[in-house]
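The block underneath contains the structure these notes are about, expressed in structure tokens.
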Amino acid sequence: MSALRGFGDVAVAARELVARRFASAAGRLHHLGGGDPATRAAVESCAARCWRSAQEHGHSCIALGPDELAALAASPAVAPAAGAMAAAGSAQRRDAALVLEADHLFLERLWRAEWQLARRLLELAAPAPLAPAADVAAMVATVFGGADPDDAQQRAVTVALSRRLSVISGGPGTGKTTTLARLIAAYSRLKPEARIALAAPTGKAAARVSEALHAQLLELAAADRPASAVLPGAMTLHRLLGIRGTGSRPAFGATRPLPFDLIVVDEASMVDLELASALVAALGGNARLVLAGDRDQLASVEAGAVFAALCAARDPRLSEGVVTLERNYRQRETPEIVAWAQAARTGTIADIGSGQGGVRLQRLAGAGGGEQATLARSVLAGYAPALELLADAGAGAEVAPELLRRLSGYRVLCALRRGPLGVAALNRVVAAAARAAVGADPDATWYPGRFVIVSRNTRELGLFNGDTGVCLRRDGALAVAFPLADRLHWVGVAQMPACADAFALTVHQSQGSEFDQVALVAAPAGHRLATRELIYTGITRARLGLEIFAAEGALAAAAARVTERTGLLGWRLAEGAR
């Protein structure tokens with residue numbers, strides 16, 4: 001426990017060290033450029049704050065007060081927006097690490113990504129009919145089995161076939177996958193030679209959407225409706241763009257566009273500013289882009305809130321390409337979960353009261369050890385089917401399919417990483433039970449039954465961020481089984497890339513996934529992670545059953561607190577990408 005806490009402390013200290021070094025470098029540039037010595041401290045302070053706000057909170061810029069604005073405007077370490085625009089437009093060398101626009105200070109790379117993204121989005125936001133309107137309407141009616149001009153799913157497909165850029169937003173159960181499948185079917189019939197790419201921000205999300213879309217397309221084919229002849233498996237956006245590692249440049253871009261006619265990106269709310277900018281820059285001259293996601297979910301881990309900004313855009317060029325799916329087709333199956341999700345989304349969760357039906361609400365009085373014991377008992381009960389299989393059937397490779405099925409049906413989602421009610425503590429509880437079930441050494445790192453999530457893309461092993469697998473004995477050695485569409489992919493523990501236990505995940509890690517049963521552990525009231533988006537995202541990961549652990553008033557307080565990310569993307573889109 002102390003080792004894990006120490007690791008977290010080291011990570012925090014490392015981030016702070018980078019912020020201080022960045023500030024120091026900005027101060028040196030200020031000094032070497034002949035800046036006023038009296039304002040050097042202000043430059044360094046603002047530079048550190050700008051770095052922290054991007055790394056820790058996802059802001060693309062910070063707002064400056066009058067005194068700070070005066071100091072930064074006169075500093076040679078800071079480029080004015082007009083000069084930065086000229087440099088970005090002519091590929092000149094950019095020496096300034098900071099850019100000042102109006103009364104906002106940016107890291108130069110985030111300013112450039114935001115500015116270029118806005119310009120490109122507005123270029124893409126134009127009519128581009130794939131076929132005459134009558135032919136499009138007929139094809140939409142065909143793939144849906146009948147025309148209904150008031151149906152949002154049909155409208156979304158029509159828009160995507162009529163414009164280069166379209167956005168589809170909707171919560172779980174509103175039919176995004178159904179809509180995307182019919183879009184792909186209609187597009188491939190209208191353009192049989194089409195090259196289609198399907199992508200998502202993480203490997204887990206990519207695998208999920210690929211499996212779901214293939215199933216939908218098979219249903220269409222069985223119903224004698226047109227379907228895509230060939231739909232390649234989904235890939236991560238990093239793989240699509242040819243980004244091989246942290247800090248590496250994309251292989252595809254303006255001078256080498258992606259070789260696809262239609263690019264569909266699912267879970268687009270998770271796409272950050274720089275990745276979105278790289279994606280739109282790499283689109284070919286006639287390619288069209290469809291972004292699908294849920295505007296009410298958590299935004300990207302990295303800086304920016306691109307999907308939300310697009311959904312809120314008021315410029316007709318953009319807003320005409322946005323369709324929101326609101327009808328929930330799960331209402332009859334899981335009405336309680338749907339009601340809780342709606343209450344979280346609208347900030348009215350206090351009206352729900354106690355848990356009922358498919359939702360159970362467990363009140364926590366604080367964060368003491370007694371509460372951890374209560375939570376631990378519930379979590380162990382959730383994983384009991386998997387632990388029983390390990391104890392009864394042994395730890396050999398033959399149990400992998402059933403063990404993965406049992407593990408994947410239940411998940412603990414926490415707002416926090418650390419603390420007695422956080423991911424690390426709860427993972428230790430279940431890991432200890434799994435070791436005991438198979439008689440493993442209590443201190444063993446790898447043991448049969450260890451359930452892990454990959455945290456780094458490793459293409460040579462076929463593993464991507466978000467992939468989950470379970471460790472078992474295979475041919476006398478420990479290996480990890482990862483489920484693919486039609487088989488298991490085994491990787492020896494000595495080859496495993498960076499990973500962590502997956503019995504409990506943060507809500508952020510769970511994006512792009514759904515589970516039959518979810519135990520959601522909320523943050524204390526007033527914590528920076530106690531937000532509407534986090535509660536909504538956690539609730540909507542559950543398909544059939546949901547258990548919520550929260551202190552009195554914590555859920556209502558979180559649902560009332562909307563996350564706002566500082567940035568100028570929305571303003572740029574409204575002002576013509578200035």
Side-chain angles (χ1 to χ4, degrees), residues 169-174 269 293-299 305 307-308 311-312 324-367 371 374-375 378-379 382 411-416 419 421-423 504-511 513-565:
S169 177
T174 56
S269 65
D294 185 349
R295 65 178 297 176
D296 297 308
Q297 277 191 189
L298 286 164
F307 191 77
C311 290
T324 301
L325 307 179
E326 296 181 339
R327 179 182 175 185
N328 197 303
Y329 294 88
R330 293 184 186 170
Q331 186 72 46
R332 293 183 180 178
E333 299 175 7
T334 55
E336 299 89 2
I337 295 176
V338 171
W340 274 81
Q342 175 67 5
R345 187 177 68 84
T346 57
T348 58
I349 206 164
D351 297 338
I352 291 294
S354 300
Q356 54 185 326
V359 179
R360 294 179 59 201
L361 180 58
Q362 304 283 357
R363 298 290 187 187
L364 301 177
E371 292 195 329
T374 300
L375 179 56
S378 180
V379 168
R411 198 59 44 89
V412 183
L413 305 181
C414 303
L416 309 181
L421 305 181
V423 165
L505 303 175
T506 64
V507 176
H508 280 87
Q509 285 177 301
S510 73
Q511 286 184 274
S513 300
E514 288 185 342
F515 311 97
D516 288 341
Q517 306 289 331
V518 165
L520 174 61
V521 187
H527 193 282
R528 69 179 185 87
L529 292 178
T531 66
R532 177 181 300 182
E533 293 80 7
L534 189 138
I535 293 297
Y536 171 82
T537 302
I539 289 172
T540 54
R541 300 309 90 198
R543 281 191 292 251
L544 303 177
L546 173 67
E547 191 171 22
I548 303 175
F549 296 83
E552 184 72 34
L555 289 178
R561 184 177 169 216
V562 178
T563 301
E564 293 186 3
R565 289 194 164 178

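- Between Leu555 and Ile539 the shortest side-chain heavy-atom distance does not fall below 4.5 Å.
- With Leu375 as the partner, the side-chain contact (heavy atoms from CB on, under 4.5 Å) test is satisfied by one option alone out of Val521, Leu364, Val412: Val521.
- Of all the heavy atoms in Ala299 and Ala305, the pair that sits closest is CB-CB, 4.3 Å.
- The minimum heavy-atom distance linking Thr540 with Ala341 is given by the pair CG2-CB, 3.7 Å.
- A 4.5 Å side-chain heavy-atom check between Thr346 and Arg532 finds every atom pair outside the cut-off.
- Not one N or O on the side chain of Thr531 forms a donor-acceptor pair closer than 3.5 Å with the backbone of Thr563.
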For the pair Leu361 and Trp340, evaluate side chain to side chain contact (heavy atoms under 4.5 Å, CB included) and give the outcome as yes or no after the intermediate values.
CA-CA 11 Å; Leu361 180 58; Trp340 274 81; 4.1 Å; yes

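- You'll find the side chain of Val507 reaches within 4.5 Å of the side chain of Leu520, heavy atoms only.
- In this structure, Arg528 and Arg561 have side chains that are in contact, with non-hydrogen atoms separated by less than 4.5 Å.
- A heavy-atom distance below 4.5 Å is found between the side chains of Gln517 and Leu544.
- The CD atom of Glu564 lies 9.0 Å from the CD atom of Glu533; values are rounded to the nearest 0.5 Å.
- When every heavy atom of Ile535 is checked against every heavy atom of Ala558, the shortest pair comes out as CG1-CB, 3.7 Å.
- Residues Pro172 and Asp294 are in side-chain contact: their nearest non-hydrogen atoms beyond the backbone lie under 4.5 Å apart.
- Scanning all heavy atoms of the two residues, the minimum distance from Leu413 to Ser510 falls at CD2-CB, 3.6 Å.
- The OG1 atom of Thr334 sits 10.0 Å away from the CG atom of Leu546 when rounded to the nearest 0.5 Å.
- Side-chain contact between Ser378 and Glu547: present, with at least one pair of heavy atoms (C-beta onward) separated by less than 4.5 Å.
- When all heavy atoms of Ala550 and Ala522 are compared, the pair lying nearest together is CB-CB, 3.9 Å.
- Arg541 places no side-chain N or O within 3.5 Å of a backbone atom of Phe515 that could act as its donor or acceptor partner.
- In this structure, the separation between CG on Asp296 and OG on Ser169 is 6.5 Å, given to the nearest 0.5 Å.
- A 4.5 Å side-chain heavy-atom check between Gln511 and Gln297 finds at least one atom pair inside the cut-off.
- The two residues Gly171 and Tyr536 make their nearest non-hydrogen contact at CA-OH, 3.6 Å.
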